[in-house]
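Quick caveat, the model's predicted, so the values are computed rather than measured. Chain naming here is simple, since letters A, B, ... match the order of the sequence lines and numbering starts at 1 in each.
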Protein chains: 2
Amino acid sequence: MPKDFESSQESYAKEVLREKGLKSTAQRLAVVHVLHTSGKSLSVSEIHQEVKDMLGATGLATIYRTLEMFEDLGIVKRLHFPGGGYGYTFCQGRHVHHMVCVDCKGVFDFPECPVENFDYSSVEKQGFRVKDHFIQLFGQCVKCAEAA
Amino acid sequence: MPKDFESSQESYAKEVLREKGLKSTAQRLAVVHVLHTSGKSLSVSEIHQEVKDMLGATGLATIYRTLEMFEDLGIVKRLHFPGGGYGYTFCQGRHVHHMVCVDCKGVFDFPECPVENFDYSSVEKQGFRVKDHFIQLFGQCVKCAEAA
DNA sequence: ACCTAAATGAGAATAATTTTCAATTGACCT
DNA sequence: AGGTCAATTGAAAATTATTCTCATTTAGGT
Ligand SMILES: [Mn+2]
Ligand SMILES: [Mn+2]
Ligand SMILES: [Zn+2]
Ligand SMILES: [Zn+2]
């Protein structure tokens, strides 16, 4: 029997960390757990608070360090909000885009890529070589639309 | 004869300000000038520096206040960079998207909208109502590609 | 030329992020 | 199971970013 229950998201993160020779610390796994459990985008300090709830005293710097590392590894993605500010969501290394509810910051996956077959010729004529893209949809989720 | 040379971008901003009953101050027009002159995305402190070069002593708070207001008015747009951080670009109230050179932060307009006719049905089935979107392309401009 | 509400500048206050470094710990090897 | 050691962490300080306050200035209307 497995020594404890572990989500596929958590084992995915452990695997990526191991491949890169990085350690699977309790703090790092807690960040994964918190992000994948929450259906919404979380700010750095929200993540910090929830990790403290799980593990007790935890340095805020560790949260910053972990999120930066996870973003580089493609484990999490940083989302931006209209009025400024940002939050993180779990993305498990997949190329996905997200819809964000502007009221509750709920995050919904969006697997189709709107620029998959997009014709960049008009911009590539200017010599610009497109290498990546960032797409985010804003709107209201069912709950918030009903509440309004 | 006109009392001085004024770009269409600057007169556009003056017009929007007047319509809203807001004042066309030297500081606000300098921000417009700086942004539309520079072909690249500028950080708050870069804008502050350039405005000081034009006008002399200028409060940093004024730059923050102006950029927030201009963003609400649709005069400028805030762009985000991969490693974190952001910058502003002029957009003159148009619905455009932007390509950003990851090396020099040069900004290139991108008038076609990749999600114009995009089928949101798969996501709207979840009840999410899409109201807006944010799209940004990353890559290299000609100059930076050659330099590399 | 006034008048007046809007806008500004300077600095204080607050918030966000990064750095430093001694102590801890996870992964690997007996 | 215990030993080793580089990686990681926590706490606090340092730095950087942003907002607030309020006395003074100014744009735009009369
Ligand atoms: Mn995509
Ligand atoms: Mn668009
Ligand atoms: Zn919602
Ligand atoms: Zn470039």
Could you check whether the rings of A/His80 and B/His80 sit parallel, tilted or perpendicular, using 30° and 60° as the cut-offs?
parallel
Touch check for B/Arg65, heavy atoms < 4.0 angstrom, all strands: base, sugar-phosphate only, or nothing?
base
Given atom CD of A/Glu68 and atom C1' of C/dT19, what is their separation to the nearest angstrom?
13 Å
Have a look at A/Leu22 and say if it touches a base, only the backbone sugar-phosphate, or nothing, with a 4.0 Å heavy-atom cut-off.
sugar-phosphate
Name the closest nucleotide to the A/Ala61 side chain, picking from C/dG26, C/dT17, D/dA12.
D/dA12
Going by atom types only, do A/Glu10 and A/Ser7 share a side-chain donor-acceptor pair under 3.5 Å?
yes
Rounded distance in Å - NZ (A/Lys23) to P (C/dG26):
8 Å
Whole angstrom value for the distance that separates P of C/dA16 from CD1 of A/Ile47
14 Å
Can a donor-acceptor pair be found between the side chains of A/His133 and B/His97 at a distance below 3.5 Å?
no
Of the listed nucleotides (C/dT17, D/dT8, D/dT18), which one gets closest to any side-chain atom of A/Val44?
C/dT17
A/Tyr64, nearest nucleotide to its side chain (from C/dG11, D/dT18, C/dT18):
C/dT18
With a 4.0 Å limit, can you tell me whether B/Thr25 has a side-chain N or O closer than that to the phosphate oxygens OP1/OP2 of C/dT8?
yes
Side-chain N or O of B/Thr62 versus OP1/OP2 of C/dG9: is the shortest distance under 4.0 Å?
yes
Run the numbers on B/Asp109 and B/Arg94 for salt bridge (charged side-chain N to carboxylate O under 4.0 Å, His left out), then give the verdict.
CA-CA 11 Å; B/Asp109 274 23; B/Arg94 295 164 303 155; 3.2 Å; yes
Whole angstrom is fine here: how far is it from CD in B/Gln27 over to P in D/dT26?
9 Å
Could you check B/Leu60 against A/Gly21 and say which one's nearest nucleotide on DNA chain D is further toward the 5' end?
A/Gly21
Is B/Thr58 touching bases, backbone alone, or none of the nucleic acid, heavy atoms closer than 4.0 Å?
sugar-phosphate
Is the NZ or CZ atom of A/Lys77 positioned over A/Tyr88's six-membered ring, under 6.0 angstrom from the centre and within 45° of the axis?
no
Grab the OH-P distance between B/Tyr86 and D/dT16 for me, whole Å please.
16 Å
Separation of D/dA7 atom C1' from A/Lys20 atom NZ, nearest Å, is 17 Å
In whole Å, what is the span from the CE atom of A/Met69 to the P atom of C/dT17?
19 Å
Base, sugar-phosphate, or nothing: which does A/Ser24 touch, judged by heavy atoms less than 4.0 Å apart?
sugar-phosphate
Heavy atoms only, 4.0 Å cut-off, all strands: where does B/Ala57 land among base, sugar-phosphate and nothing?
sugar-phosphate
Given atom CZ of A/Arg78 and atom C1' of C/dT17, what is their separation to the nearest angstrom?
11 Å
